[in-house]
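Naming convention: chains lettered A, B, ... in sequence-line order (proteins, then strands); numbering from 1 in each chain.
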There are 2 protein chains.
Amino acid sequence: MTISEENYLKIIYLLSENTSKEISTNAIADMVKAKASSVTDMIKKLANKELINYEKYQGVTLTELGIYKAKIIIRRQRLWETFLVDKLNFSWDEVHEIAEELEHIKSEKLINHLDAFLNFPRLDPHGDSIPNQDGIIYESQKVLLSEADLNKKYICVGVKDTSSHFLKFLDNKKITIGTIIEIIERENYDNTLIIKIENTTTTISNKIASNLYINNTDPNQLLITN
Amino acid sequence: MTISEENYLKIIYLLSENTSKEISTNAIADMVKAKASSVTDMIKKLANKELINYEKYQGVTLTELGIYKAKIIIRRQRLWETFLVDKLNFSWDEVHEIAEELEHIKSEKLINHLDAFLNFPRLDPHGDSIPNQDGIIYESQKVLLSEADLNKKYICVGVKDTSSHFLKFLDNKKITIGTIIEIIERENYDNTLIIKIENTTTTISNKIASNLYINNTDPNQLLITN
DNA sequence: TTATTTTTTTAGTTTTGCCTAAAAATAATA
DNA sequence: TATTATTTTTAGGCAAAACTAAAAAAATAA
Ligand SMILES: [Mn+2]
Ligand SMILES: [Mn+2]
Ligand SMILES: [Mn+2]
Ligand SMILES: [Mn+2]
């Protein structure tokens, strides 16, 4: 697979996670930052390689093979992100671009040795699950902060939006993975939340809250095991 | 710079190390495994970017800028090779291919952090010097085993040929970096050497001996500091 | 010095991944 | 349902990096 093919495949996989419907040409075009006509070209190529199912004008879905290959690319991306943060002291908002390149280095041995070197991490710096070498993902239980209850303590376990813009914003608000968050109040009109982080209260919009994942198990128990 | 441009530039640099003359189109073609006509195309492009000096039919030399850029690519290659061997437990004959890809990841911060993580190594797994971030190389004193004297103890400090074929051969002969070698006899006809490694003697051809670097300082002193 | 061989360059193609502009199909709205 | 708007595909092109075949220049040998 070429770098471009791998990028398309990964993006189709990520788009498929949020929906059970076919993925549209335009949705892919937006993500890969190319024109729809270029996407049509690539779709045909991936369909010929039996990585996606494609019917003209009907969008695409991944085949079993496509899903597996996509997971391996995501495994590489997330392991490299973990390496950059844990070993090379990068911050979580700096790793995306570099991992976007590193994920295309083709050596199974490299990635499996890297996995071992990092001690087989299950989550990347953004709280996303790292598939194992068979493409199996052990998904951790998580829920969006926007869906959480009032007056319970939660732990931030991940972000949905991994753009450096959003991550820097979270740094400013002193929110990162592991941060304990409690919802004090929910504004009914626009679902703005007033939250408490370490005895200071802040206001966050619904857009922010629906890009933050929290654990959905009993918070006291988790605090102990943490 | 594209990956291809970087590969050409690096190879022109490495060819220049062995000669003060211009580098020929065919010499480059051999190394990059492309046809001479393809090399001519690329040469023109590199000349336009002022990375090499080029006169039709006269071969090429690197400009100051070209030398610097080539050294930075070599720095990246050798740091990644060191990472693979020191951190991911690869053997010295397995790293070339992978580093050949990794060297093209474009992030100065990445490579400088990697350098720090590895503790600013001065030599890669094959005994080659790693340029610093300014492209400065502190060349260690070394000499080919084929030029060495009889009945002195030397330490193997590097290899000239880094092909996995040669490196595996050396593994078989129990020769690696740090191995103490003594020349017992030199056959005048073809310069075959009888050498002693840890009390066992072996015969090695001149071709082997002229691809092995040894220290050329006082061996006893080095044994202490080792 | 002339003839032959080797090296290098030019000319013309191919493939990959992108593009624009226009046509065709589908979806939305009146 | 007919019209309009949006989405997707087709057609034709471009740049990068490779190729083959042929021409031109340089090097070597007779
Ligand atoms: Mn990528
Ligand atoms: Mn991530
Ligand atoms: Mn390379
Ligand atoms: Mn090396």
At under 4.0 Å, does any side-chain N or O of [X] touch on OP1 or OP2 of [N]?
X       : N      : result
A:Tyr54 : D:dT9  : yes
B:Lys44 : C:dT9  : no
B:Tyr8  : D:dA18 : yes
A:Asn26 : D:dT6  : no

In whole Å, what is the span from the [atom1] atom of [X] to the [atom2] atom of [N]?
X       : N      : atom1 : atom2 : value
B:Lys56 : D:dA27 : NZ    : C1'   : 19 Å
A:Tyr57 : D:dT9  : OH    : P     : 7 Å
B:Asp30 : C:dT8  : CG    : P     : 10 Å
B:Met42 : C:dT8  : CE    : P     : 17 Å
A:Gln58 : D:dT6  : CD    : P     : 20 Å
A:Ile28 : D:dT9  : CD1   : P     : 9 Å
A:Glu22 : D:dT9  : CD    : C1'   : 17 Å
B:Lys35 : C:dT14 : NZ    : P     : 17 Å

Q | Pair A:Tyr154 + A:Tyr213: ring centers closer than 6.0 Å | A | no
Q | Residue pair A:Tyr138 / A:Ser129: nearest heavy atoms and the distance that separates them | A | O-OG, 3.4 Å
(Q) Should the side chain of B:Ser24 and the base of C:dT8 be counted as holding a donor-acceptor pair, with the cut-off at 3.5 Å? (A) no
Q: Could you check whether the rings of B:Phe90 and A:His113 sit parallel, tilted or perpendicular, using 30° and 60° as the cut-offs?
A: tilted
Q. What is the ring orientation for A:Trp80 with B:Trp80, classed by angle as parallel under 30°, tilted 30 to 60°, or perpendicular over 60°?
A. perpendicular
Q: On DNA chain C, check which nucleotide each of B:Val39 and A:Ala36 is closest to and give me the residue with the more 5' one.
A: B:Val39
Q) For the salt bridge (charged side-chain N to carboxylate O under 4.0 Å, His left out) test, which of B:Arg76, B:Lys10, B:Lys71 pairs with B:Glu103? A) B:Lys10
Contact class for [X] (heavy atom, under 4.0 Å): base, sugar-phosphate, or nothing?
X       : answer
B:Thr40 : base
A:Ser37 : base
A:Ser38 : base

Q) Can you tell me the Watson-Crick or wobble partner of D:dA30, both distances under 3.5 angstrom? A) C:dT1
